[in-house]
Amino acid sequence: MKTPALALAGLVLLAAPASAERLDPRLVPATARFLVHIDVEGLKRTELWTGLLALAAASEEDLLTWMAVLEAETTMDPRRDLQSVTLFGSHPDPEHLVVLVAGNERLDGLVARLEKEPSHRLLDMEGVSLHQVDADGQSLVGFPEERGEGRLFLGSYDPGELLRAVRVLRGRDPSLARAGEAPLPSTPREGSFLFLSATGQLPGLDEIGPESVMLGHAKSIALELGEANGVLDARLSVTVKSEEMARNASEVIQGLAALGRLAVGAGEEDMKPLADLLDRLRFGRSGDVVTVGLSFETKALLGLAQGHVAIKAKRDA
């Protein structure tokens, strides 16, 4: 049986509110320096979503089984009842992140499921009542919030971070929307169903090779993924410390892409899809911002994924 902690992690992996599906910076603390938002309603309208569910069924993965178990235990079906999932924190450390799930009234089932846990107890912090359970050697805290006919549910392993998020919901602490010159990007383009942003030097990025000229010294990073008319569009935007650094970084990554095309072009037949991806890269620069874009037909991408699943099934047989 899935624990509440694993259930919350599963919701995040499906990644896997003013209108609840859109990212609402009023719900995110101004202290956030890492943010992932999944517009589940938007994702469900894409060919990618339909294809991924078909792949999950064909490959007999645990995802569909997990969703069935989750519905049996909570009455909530992520495919029907979720609107968005947002993950945020002052540092990208899983133990201190807060997950905010937006959906309909069936999210009440998450609270009911927590209350059935033998370790369930209520934790009072500054007059706020948090649900707390022990799971996998850690304590998980959760907080439900009604918004008219909709519901929000916040969960975290860090009570202090969760309390900060609740204070933002109630207007007691500033949100990203009230942060003025907030360094964390929080405005996805229309049609993006996945949005990731971070500010500051992220751990490990300065050790990954020449491309760290851009990533290792970034002031902020934003990654978006959307789909329109059967075409997936990805866009990475990196704000660096100066226009000169942006110019140098742009030249470096374009040179790396050119070298990559040469390398895969001289490779085996099965390298052609990678060569095609490299040919589709788009580069741009404006002031201290460097952008890299990529568009790809959803059906073609799903075809590559289906081929991988078929190869894996043959190897495992």
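Computed from a predicted model, the values in this text were never measured in an experiment.
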**Prompt:** Just wondering, do Glu95 and Gln138 contact through their side chains at under 4.5 Å, heavy atoms?
**Reply:** yes

**Item:** Stepwise side chain to side chain contact (heavy atoms under 4.5 Å, CB included) check, Leu225 with Phe193
**Value:** CA-CA 6 Å; Leu225 182 61; Phe193 59 77; 3.7 Å; yes

**Item:** Donor-acceptor pair, side chain of Ser197 and main chain of Pro185, under 3.5 angstrom
**Value:** yes

**Listed once per pair and sorted, the side chain to side chain donor-acceptor pair (under 3.5 Å) pairs that draw on residues 97-107, sequence neighbours left out** = Asp81-Asn104

**Message:** Apply side chain to side chain contact (heavy atoms under 4.5 Å, CB included) to residues Lys44 and Val40 and explain how you reach the verdict.
**Reply:** CA-CA 6 Å; Lys44 288 189 289 190; Val40 180; 4.0 Å; yes

**Message:** Are Phe153 and Leu114 packed together at the side-chain level, in the sense that at least one heavy-atom pair is separated by less than 4.5 angstrom?
**Reply:** yes

**Asked** Without hydrogens or angle criteria, can the side chains of Thr239 and Asp288 be said to hold a donor-acceptor pair below 3.5 Å?
**Response** no

**Message:** Before you tell me yes or no, could you show the steps for Leu27 and Val168 under side chain to side chain contact (heavy atoms under 4.5 Å, CB included), namely the whole-Å CA-CA distance, both residues' side-chain angles and the distance that decides it to 0.1 Å?
**Reply:** CA-CA 6 Å; Leu27 304 181; Val168 169; 5.8 Å; no

**Asked** Rounded to the nearest 0.5 Å, what separation is found between the OG1 atom of Thr31 and the NE2 atom of His91?
**Response** 13.5 Å

**Complete:** The single option from Leu35, Leu97, Val101 that satisfies side-chain contact (heavy atoms from CB on, under 4.5 Å) with Leu87 is Leu97

**Prompt:** Ser295 and Arg282: side chain to side chain donor-acceptor pair (under 3.5 Å), yes or no, with the steps?
**Reply:** CA-CA 9 Å; Ser295 295; Arg282 308 183 306 272; 2.9 Å; yes

**Request:** Please lay out, stage by stage, how Arg147 and Leu169 fare under the test side chain to side chain contact (heavy atoms under 4.5 Å, CB included).
**Result:** CA-CA 11 Å; Arg147 290 289 175 101; Leu169 287 184; 3.7 Å; yes

**Message:** With heavy-atom distances below 4.5 Å as the criterion, would you say the side chains of Thr298 and Val231 are in contact?
**Reply:** no

**Request:** Check whether the side chains of Glu71 and Thr75 place a donor and an acceptor atom closer than 3.5 Å, and report yes or no.
**Result:** no

**Message:** Check whether Thr199 reaches the backbone of Lys219 with its side chain - one donor and one acceptor, N or O, closer than 3.5 Å.
**Reply:** yes

**Pair Arg235-Ser237, side-chain donor/acceptor within less than 3.5 Å** = yes

**Message:** Take a 6.0 Å sphere around CG of Asn229 and say whether it holds more than 12 heavy atoms from other residues, nucleotides or ligands.
**Reply:** no

**Message:** Less than 4.5 Å apart, side chain to side chain, heavy atoms only: is that true for His96 and Asp93?
**Reply:** yes

**Prompt:** Is a side-chain donor-acceptor pair under 3.5 Å present for Glu224 with Ser192?
**Reply:** yes

**Trp49 backbone acceptor or donor facing Thr46 side chain under 3.5 Å** = yes

**Asked** Are side-chain heavy atoms of Ser84 and His37 found at a separation under 4.5 Å?
**Response** yes

